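Any value given below was found using the heavy atoms of this structure, including those in side chains, with hydrogens, waters and symmetry copies removed. What you see is a predicted model; the values in this text were computed from it and never measured.
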Amino acid sequence: MTAIGRRHLDTARRVTSGRSANTVYGGHEHVLRQTVIALAGGQELNEHLNPGEATVLVLSGRIRLFTQTDNWDGRDGDLLVVPPGLYSVRATEDSVVLLTVAKTDRLHQHREDESAVGEVPEPVAEGEAPVSGYELDEAAAPALSEKS
C-alpha cells in the first residue's frame with residue numbers, strides 16, 4: 001500500500017488535476033471497493049454520494065472530510081467514517097488515503113442473485129475434494145492440481 005500510495009502521490013503532484021487513484025480491491029460490479037487516492041496539497045475529491053457505507057483511512061498527510069453540515073480532520077493513521085449523503089475530501093497537504101466503500105444496494109442484489117442460484121458451497125481446503133454436487137471449474141483445475 002505504501003508503494004502504491006507513493007507512486008500515485010508522485011503522479012498527483014505532476015498532473016493538473018492534482019489527483020491520482022487506483023482501485024486495489026473490488027470494482028463497480030462488487031459490493032466492496034477499496035481505492036487508493038493521492039491528492040496533492042489543496043486538491044479535492046469532489047462531492048460524491050455515499051452509496052452505502054464508507055470509510056477513509058489516511059495513509060499519509062492531512063485531509064478534511066466535508067459533508068453538507070459538518071467536517072472532520074484526519075491525518076496519518078486516522079480512520080474517518082463517511083456519513084450517509086454527499087461528501088467531499090480536501091487534502092490540506094500532500095496526502096494518500098484508502099477509500100473503502102460498501103455499496104449496500106449491490107449487497108441486496110448480490111443476495112437476491114445467490115438465492116436464485118442456490119447456496120454457495122463452502123471453500124475447499126487444499127488437498128480436499130470439492131463438496132458433493134459441485135464441480136471444479138476446468139480452468140481452475142490445473143492451478144489447484146499444481147498445489148497438491
| query | Who are the salt bridge (charged side-chain N to carboxylate O under 4.0 Å, His left out) partners of D78, not counting sequence neighbours? | reply | none
| said: Test your reading of the model: is there a side-chain donor-acceptor pair from N50 to the backbone of V82, 3.5 Å cut-off? | reply: yes
| query | Residues in salt bridge (charged side-chain N to carboxylate O under 4.0 Å, His left out) with R62, at least two apart? | reply | E93
| said: A side-chain contact here means heavy atoms from C-beta on lying under 4.5 Å apart; do P51 and T104 qualify? | reply: no
| field | Set of residues satisfying salt bridge (charged side-chain N to carboxylate O under 4.0 Å, His left out) with respect to E44, sequence neighbours excluded | value | R90
| remark: Between G41 and D94 the two heavy atoms that sit nearest each other are N-OD1, 2.7 Å
| query | With side chains defined as the heavy atoms from C-beta onward, is the minimum distance between I63 and T92 less than 4.5 Å? | reply | no
| query | Same cluster or not: are V31 and L99 linked, directly or through other Ile, Leu, Val, Met, Phe, Trp or Tyr residues, by side-chain heavy atoms under 4.5 angstrom apart? | reply | no
Residues 2-9 side chain polar contacts: donor-acceptor under 3.5 Å, at least two apart:
residue: H8; atom: ND1; partner: S20; partner atom: OG; Å: 2.5

| request: Please check if L79 and V96 belong to a single hydrophobic cluster, counting links between Ile, Leu, Val, Met, Phe, Trp and Tyr side chain heavy atoms closer than 4.5 Å. | output: yes
| Considering all heavy atoms of both residues, which atom of T67 and which atom of P83 are nearest to each other, and what is their separation? | CG2-CG, 3.4 Å
| request: Mind checking salt bridge (charged side-chain N to carboxylate O under 4.0 Å, His left out) for E53 and listing every partner two or more places apart, or none if nothing turns up? | output: none
| request: Check for a donor-acceptor pair, side chain of D76 on one end and backbone N or O of G61 on the other, with a separation under 3.5 Å. | output: yes
| request: List for me each residue that meets side-chain contact (heavy atoms from CB on, under 4.5 Å) alongside L98, sequence neighbours excluded, and say none if there are none. | output: M1, V24, Q34, V36, L57, L59, T100
| field | Backbone of R19 reached by a side-chain donor or acceptor of S17 within 3.5 Å | value | yes
| query | If you measure from CZ on R75 to CG on L80, what distance do you get to the nearest 0.5 Å? | reply | 12.0 Å
| Would S88 and N46 satisfy side chain to side chain contact (heavy atoms under 4.5 Å, CB included), going step by step from the backbone distance to the final call? | CA-CA 5 Å; S88 62; N46 296 330; 5.9 Å; no
| query | Do the side chain of N71 and the main chain of L65 share a donor and acceptor less than 3.5 angstrom apart? | reply | no
| query | Looking at Y87 and L49, what are the two nearest heavy atoms and their distance? | reply | CE2-C, 4.2 Å
